[in-house]
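Below: the structure, in structure tokens.
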Amino acid sequence: MTEWTLPETFAGSTGSVRWNRLGESGRPPLVLLHGTPFSSYVWRAVARSLARDHQVFVWDMPGYGMSQMSAGQDVSLAAQGRVFTELLAHWGLTEPVVVAHDFGGAVALRAHLLHGAAYRALALVDPVALAPWGSPFFRLVREHAEVFERLPPALHGALVREYVGSASSPGLHPTVLERLVRPWLGERGQAAFYRQIAQADQRHTDEIQDRYPAIGVPTLVCWGEDDAWIPVTKGRELAAAVPGARWEPVPGAGHLVQEDAPAELTAALLAFLRRLA
């Protein structure tokens, strides 16, 4: 499979954003949002499949993947919600289908509920959306980010590999794991890894959680049944909070459903998209 690249650049308010589009112009637009500590790379298989019938937009959030990482950068959920709204305007998309994973779910929800971003439909895949969230490891790092940032590079690399790997239920292929870990290595990447955790704040989902019953677009909630990061009960709770939301559990998949069950996730998304026609 060809290397995953993001050749385009957008000058966002919190740093440059790398992005790409797949599929022919004129097809219905669909945008994919990644979570943390990942990048658009996790969507590669799903994006290429969906691009058969859609024009698919992918991007790395500021502070992630191939996008800008810099000291003092605002990479909070609040900032990412604003940047996503800016990016939709830059692309000229007024009502795309939006598919969002993990923190990307919170970004998409904030853009929609707080910044007026209009969607044709919304699919949420194991999103960060309901309190409480954050694993014990995540909370420990957030409270002591300045200490972890000073870890020796080899120890930091081992920690990130273990953390990223725990998002998969059956386990990630070594090549995939290394590709997901790569942006977080080196002096710049190590600082960026702990920066994004330090700025993660539950108040950014608390601000919108009571608004979920006001979501009026067709909504799909997909969840890996073996998610060890956010329990599947949170998925059922979220689906119940959004009027008319379709609930789609994915057996055998952990938090990183795109890697654990790409075919099953793609099938669920295609079935959802067919209902929109």
Side-chain angles (χ1 to χ4, degrees), residues 3-4 33-46 60-67 69 73 75-77 80 100-106 125-129 132-202 223-235 250-262 265:
E3 177 63 12
W4 185 252
L33 286 80
H34 68 83
T36 183
F38 312 112
S39 68
S40 61
Y41 177 76
V42 299
W43 284 117
R44 65 199 180 283
V46 176
D60 285 353
M61 292 188 289
Y64 293 77
M66 302 179 202
S67 291
M69 299 177 177
Q73 187 177 21
V75 294
S76 66
L77 284 172
Q80 304 292 5
H101 174 246
D102 185 76
F103 263 35
V125 183
D126 296 63
V128 173
W133 51 264
S135 66
F137 167 80
F138 196 90
R139 291 193 294 269
L140 176 67
V141 172
R142 185 172 56 209
E143 293 166 5
H144 304 284
E146 70 287 349
V147 176
F148 281 89
E149 191 173 337
R150 296 196 296 270
L151 284 176
L155 186 56
H156 163 74
L159 184 151
V160 176
R161 287 182 181 88
E162 180 65 27
Y163 180 52
V164 171
S166 71
S168 168
S169 178
L172 296 171
H173 187 282
T175 302
V176 172
L177 178 59
E178 288 306 308
R179 181 62 176 76
L180 291 174
V181 168
R182 186 193 308 165
W184 304 120
L185 303 180
E187 184 176 352
R188 185 186 71 140
Q190 181 166 341
F193 179 79
Y194 297 112
R195 184 182 305 118
Q196 51 92 17
I197 294 180
Q199 293 184 27
D201 194 326
Q202 186 177 291
W223 217 279
E225 288 188 338
D226 298 335
D227 190 334
W229 285 18
I230 312 176
V232 69
T233 53
K234 285 293 181 184
V250 183
H255 186 69
L256 206 49
V257 185
Q258 305 96 316
E259 298 292 345
D260 291 356
L265 177 57

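Quick note: numbers below take in every heavy atom, side chains included, and nothing from hydrogens, waters or symmetry partners.
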Exercise for the section: Keeping to residues at least two apart or across chains, list the salt bridge (Lys or Arg N to Asp or Glu O under 4.0 Å) pairs with something in residues 142-166. Expected result: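 For residues 142-166: R161-E178.
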Taking [X] for its side chain and [Y] for its backbone only, find out whether a donor-acceptor pair lies under 3.5 Å.
X	Y	answer
D126	G224	yes
R182	R179	no
Q199	V75	yes
W184	A192	no
W223	I230	yes

Could I get the full list of ring pair (Phe, Tyr, Trp, His ring centres under 6.0 Å) partners for W229, not counting sequence neighbours?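 W229: ring pair (Phe, Tyr, Trp, His ring centres under 6.0 Å) contacts with F38, Y163, H255.
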Going by ring pair (Phe, Tyr, Trp, His ring centres under 6.0 Å), name the residues that satisfy it together with F138, two or more places apart in sequence or in a different chain.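 Checked F138 against ring pair (Phe, Tyr, Trp, His ring centres under 6.0 Å); zero matches.
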Who are the side-chain contact (heavy atoms from CB on, under 4.5 Å) partners of [X], not counting sequence neighbours?
X	result
D60	L6, H34, S39, S40, M66, S67
P174	none
S169	D226, D260

So [Y] and [X], do their side chains get closer than 4.5 Å, heavy atoms only?
X	Y	value
P37	V164	yes
F148	L159	yes
S168	H173	no
L256	H101	yes
R44	V176	yes

Problem set entry | Exercise: identify the closest heavy-atom pair between V46 and P262 |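 Heavy atoms of V46 and P262 come nearest at CG2-O, 4.3 Å.
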Over all heavy atoms of both residues, which pair between Q73 and M69 is shortest? Give the atoms and the distance, please.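 Where Q73 meets M69 most closely, the heavy atoms are OE1-CA, 3.3 Å.
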> Is there any side chain to side chain donor-acceptor pair (under 3.5 Å) pair reaching into residues 186-196, and which pairs are they, with sequence neighbours excluded?
Replying inline: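 Output for this query lists T36-Q196, Y64-Q196, H156-Y194.
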Which distance, rounded to the nearest 0.5 Å, do you find between the CD of Q80 and the CG of L33?
->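 That separation rounds to 9.5 Å.
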